[in-house]
Engineer: 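Below is the structure I would like to discuss, written out as structure tokens.
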Amino acid sequence: MVQSVFSSYRPAWAALAAASLLAACGGGGGGGGGGGFPFVPPAPSPGGPAPSQARPGTLQSCTDLAGKAAFGSTVYTSVTSVAAGALTVAGASTPAPEHCLVQGQMNQRTSSVDGKTYAIGFEMRLPVNWNGRFFYQANGGLDGNVARATGSVGGGAPTTTALHMGFAVISSDAGHSGAQIPTFGIDPQARLDYGYNAVAQLTPMAKNLIAKAYGREADRSYFGGCSNGGRHAMVAAARFAGQYDGILAGNPGFNLPKAAVAQLYGVQQYARVTTANTPAGKPDLQTAFTPAEMSTVAEAVLARCDALDGAADGIVADVQACKQAFNLANDVPSCSGARTGSCLTATQKDVLGNIFAGARNSAATALYSSFPFDAGIKGADWRQWEFSNSQNLDTAALGFVFSTPPLAPSRPFGIDFALGFSMDADAPTIFASNAVYTESAMSFMTPPDPANLAALRDRGSKLMVYHGTSDAVFSSDDTTRWYEQLRAANGGDASGFARFFPVPGMNHCGGGPATDQFDMLTPLVAWVEQGKAPATVIARARGAGANVVNAELPASWSPTRTRPLCPYPKTAVYLGGPLESASSFACQ
């Protein structure tokens, strides 16, 4: 009966799983058994290692690694040599280096709850010419897919990857397959693997594989990802500080269950102002706010906030000042009659104001974070998260993975689930646990104490976080609040080990009217290994000639515009000079 109920969700979920993909300890057999008990890393040494650069090495073994790198509860299903040039960076003709591709799985088991077979699938790419470093690639969405292990360096469509730089890179499915999305949430261990335990199990296995492949351990270990991958990175900073020297977290959904609740709150709000139904007879959320109406709001934000940094350039660099300068009720024209695209009705303003102020229950208690008004709210990615993913991906995640006990399948996911979700009775289930699900979603999905990174700090490891200020699903306000708490926990200044870089105009991990192409891995390595703290990161627009062109760049921008990304609380201030050049701005 259980299996037949689950199978009914697979066809509807196939497309959603694909969409979700768009949007960890040393040696021996200590990788954990089939039970997958959470790994507890050893306490780091006070002060940590002094800055020193990783030493390059050469691959010594490949096709014989299945035997040489045997590890507890691990099966290597394929070990092959890959010639140079077989992989390229997205949209660019940059050949990948010659490397060894290792694929396999850990901790295969049969669930006693749903009867399904689970395992932690992975692949690892080990370059012949190695830079002496390990990179854990954390993936996005609901995982479930062993994405190609290349290692993103940050931003939209970067022109290089960790693999191209010479890192040994691992990628995983976080303990379940794509066919098991979202019903893997029925299995308690699969929930924990997805939340944090896959990283705990894979890290020592990967480090052992590196040691056997190169004849020595990696000198330095790095961890990076965006979206849910950014969440994985924030969790690693808290749970596995002893294992990683540098961590890169992009648009981190470290409060992901809360953000999912907020998305359903948004569906309920948007349904108040829809003007048509879908063919299935449900409210068509796309009609709640047309592209023209959101462009009107974005232009009103620019009118009030664009020049606050000294330059009227289509970028709201000073997000905090804009919070004081922009007023939705007064600065956006009100419709006196029909909706024309150049105004908002009173109800539309109420709806948008509620959503940007943050989800609330009937007692006006905050359930997530506020969102900043920014120029990127008129983009396609913003609309995708607000009007489509919100009623599909988020309802599935809440229904199966984040609620205790699971609210589905008795309440199938989709817009009906979203509209029927109670902010009073259902939202608290993300904090619940019971005898079967011994950890709540807010326990297994989030850092145990986000503002307490003393272990990371004392080890000498470094954390870089970036977040697009026009992210529709994970609020940059939430990340700003976290960083303020981190500063407070460290005497008012955490910049010695953790820096946060807001990206004006950028949507979820990329896109929007933004200079969204940047490399944060290189400065992170320099910070870890040379002690050079990143005072700024230069970002570039993806105009004509870019490896992947950003179609949402304003026509008035130079296709190669550059801007400095500044570590919060500094912002980019115009000093004078060419408006399209980062050299005309300074972080102040």
Side-chain angles (χ1 to χ4, degrees), residues 24-37 39 56-87 96-110 117-139 143-151 161-163 166-180 193 197-219 221-223 243:
C25 327
F37 292 105
F39 168 77
T58 303
L59 188 70
Q60 298 179 2
S61 297
C62 180
T63 54
D64 59 347
L65 281 174
K68 291 181 65 174
F71 198 81
S73 302
T74 301
V75 176
Y76 300 113
T77 56
S78 175
V79 184
T80 57
S81 294
V82 180
L87 298 175
E98 182 183 1
H99 62 278
C100 181
L101 171 60
V102 180
Q103 296 171 311
Q105 61 181 30
M106 293 187 73
N107 299 351
Q108 181 174 317
R109 61 186 174 81
T110 299
T117 299
Y118 291 93
I120 303 172
F122 66 87
E123 77 166 39
M124 194 160 186
R125 295 181 186 265
L126 306 145
V128 170
N129 296 314
W130 180 46
N131 65 11
R133 303 178 179 100
F134 165 49
F135 186 93
Y136 191 109
Q137 171 185 310
N139 297 316
D143 280 292
N145 177 56
V146 182
R148 182 173 289 169
T150 55
T161 70
L163 178 65
F167 287 76
V169 184
I170 192 170
S171 167
S172 91
D173 61 11
H176 56 272
S177 68
Q180 293 170 328
D193 288 344
N197 190 53
V199 174
Q201 301 299 312
L202 289 169
T203 295
M205 184 280 299
K207 290 188 174 186
N208 173 69
L209 191 59
I210 286 173
K212 298 303 187 292
Y214 296 104
R216 65 177 177 87
E217 297 179 349
D219 293 320
S221 297
Y222 294 85
F223 193 110
Q243 299 308 309

Engineer: Taking all atoms of both residues into account, what is the closest heavy-atom pair of Ala213 and Leu126, and its distance?
Structural biologist: CB-CD1, 4.2 Å
Engineer: Compare all side-chain heavy atoms of Ile120 with those of Gln105 and state whether any distance is below 4.5 angstrom.
Structural biologist: no
Engineer: Under the side-chain hydrogen bond (donor to acceptor under 3.5 Å, both in side chains) test, which residues partner His99, sequence neighbours left out?
Structural biologist: Arg125
Engineer: Partners of Tyr214 by ring-ring contact (aromatic ring centres under 6.0 Å, His included), sequence neighbours excluded?
Structural biologist: Trp130
Engineer: Under the side chain to side chain contact (heavy atoms under 4.5 Å, CB included) criterion, do Val102 and Tyr76 qualify, and how do the steps go?
Structural biologist: CA-CA 7 Å; Val102 180; Tyr76 300 113; 3.6 Å; yes
Engineer: Does any non-hydrogen side-chain atom of Arg148 lie less than 4.5 Å from one of Glu123?
Structural biologist: yes
Engineer: Side chains of Phe135 and Arg133, heavy atoms from C-beta outward: is any pair under 4.5 Å?
Structural biologist: no
Engineer: Measure the CG-CG distance between Asn197 and Asn107 for me, rounded to the nearest 0.5 Å.
Structural biologist: 7.5 Å
Engineer: What distance do Lys212 atom NZ and Gln60 atom CD have between them, rounded to the nearest 0.5 Å?
Structural biologist: 12.0 Å
Engineer: So how far is it from Thr74 OG1 to Asn208 CG, rounded to the nearest 0.5 Å?
Structural biologist: 8.5 Å
Engineer: Who pairs with Tyr222 by ring-ring contact (aromatic ring centres under 6.0 Å, His included), at least two apart in sequence or on another chain?
Structural biologist: Phe167
Engineer: Go through the structure and list residues passing side-chain hydrogen bond (donor to acceptor under 3.5 Å, both in side chains) with Asn131, not counting sequence neighbours.
Structural biologist: none
Engineer: Check step by step if side chain to side chain contact (heavy atoms under 4.5 Å, CB included) holds for Val79 and Cys100.
Structural biologist: CA-CA 7 Å; Val79 184; Cys100 181; 3.9 Å; yes
Engineer: For the residue pair Gln243 / Lys207, report whether a side-chain donor-acceptor contact shorter than 3.5 Å exists.
Structural biologist: yes
Engineer: I want to check something: taking the side chain as every heavy atom from C-beta on, are Pro127 and Leu163 in contact at a cut-off of under 4.5 Å?
Structural biologist: yes
Engineer: Does any N or O in the side chain of Gln180 come within less than 3.5 Å of the main-chain N or O of Ser177, such that one atom is a donor and the other an acceptor?
Structural biologist: yes
Engineer: At their closest point, which heavy atom of Ala162 faces which heavy atom of Val169, and how far apart are they?
Structural biologist: CB-CG2, 4.0 Å
Engineer: For Arg216, give me all partners under salt bridge (charged side-chain N to carboxylate O under 4.0 Å, His left out), at least two apart in sequence or on another chain.
Structural biologist: Asp219
Engineer: At their closest point, which heavy atom of Ala69 faces which heavy atom of Leu209, and how far apart are they?
Structural biologist: CB-CD1, 3.4 Å
Engineer: Report the distance from atom CG of Asp143 to atom CG of Asp173, rounding to the nearest 0.5 Å.
Structural biologist: 7.5 Å
Engineer: Starting at CG of Asn145, measure out to NE2 of His176 and round the result to the nearest 0.5 Å.
Structural biologist: 9.5 Å
Engineer: Is it true that the side chains of Ser171 and Asn139 contain a donor and an acceptor less than 3.5 Å apart?
Structural biologist: yes
Engineer: With side chains defined as the heavy atoms from C-beta onward, is the minimum distance between Phe122 and Gln103 less than 4.5 Å?
Structural biologist: no
Engineer: Apply side chain to side chain contact (heavy atoms under 4.5 Å, CB included) to residues Phe134 and Ile170 and explain how you reach the verdict.
Structural biologist: CA-CA 8 Å; Phe134 165 49; Ile170 192 170; 3.6 Å; yes
Engineer: So, taking the atom named CD1 in Ile210 and the one named CE in Met124, what distance separates them when rounded to the nearest 0.5 Å?
Structural biologist: 3.5 Å
Engineer: Which residues pass the side-chain hydrogen bond (donor to acceptor under 3.5 Å, both in side chains) test with Ser221, sequence neighbours left out?
Structural biologist: none
Engineer: Between Thr80 and Thr63, does a side chain to side chain contact (heavy atoms under 4.5 Å, CB included) hold up when you go through it step by step?
Structural biologist: CA-CA 6 Å; Thr80 57; Thr63 54; 5.9 Å; no
Engineer: When you compare the side chain of Ser172 with that of Tyr136, does any pair of heavy atoms fall below 4.5 Å?
Structural biologist: yes
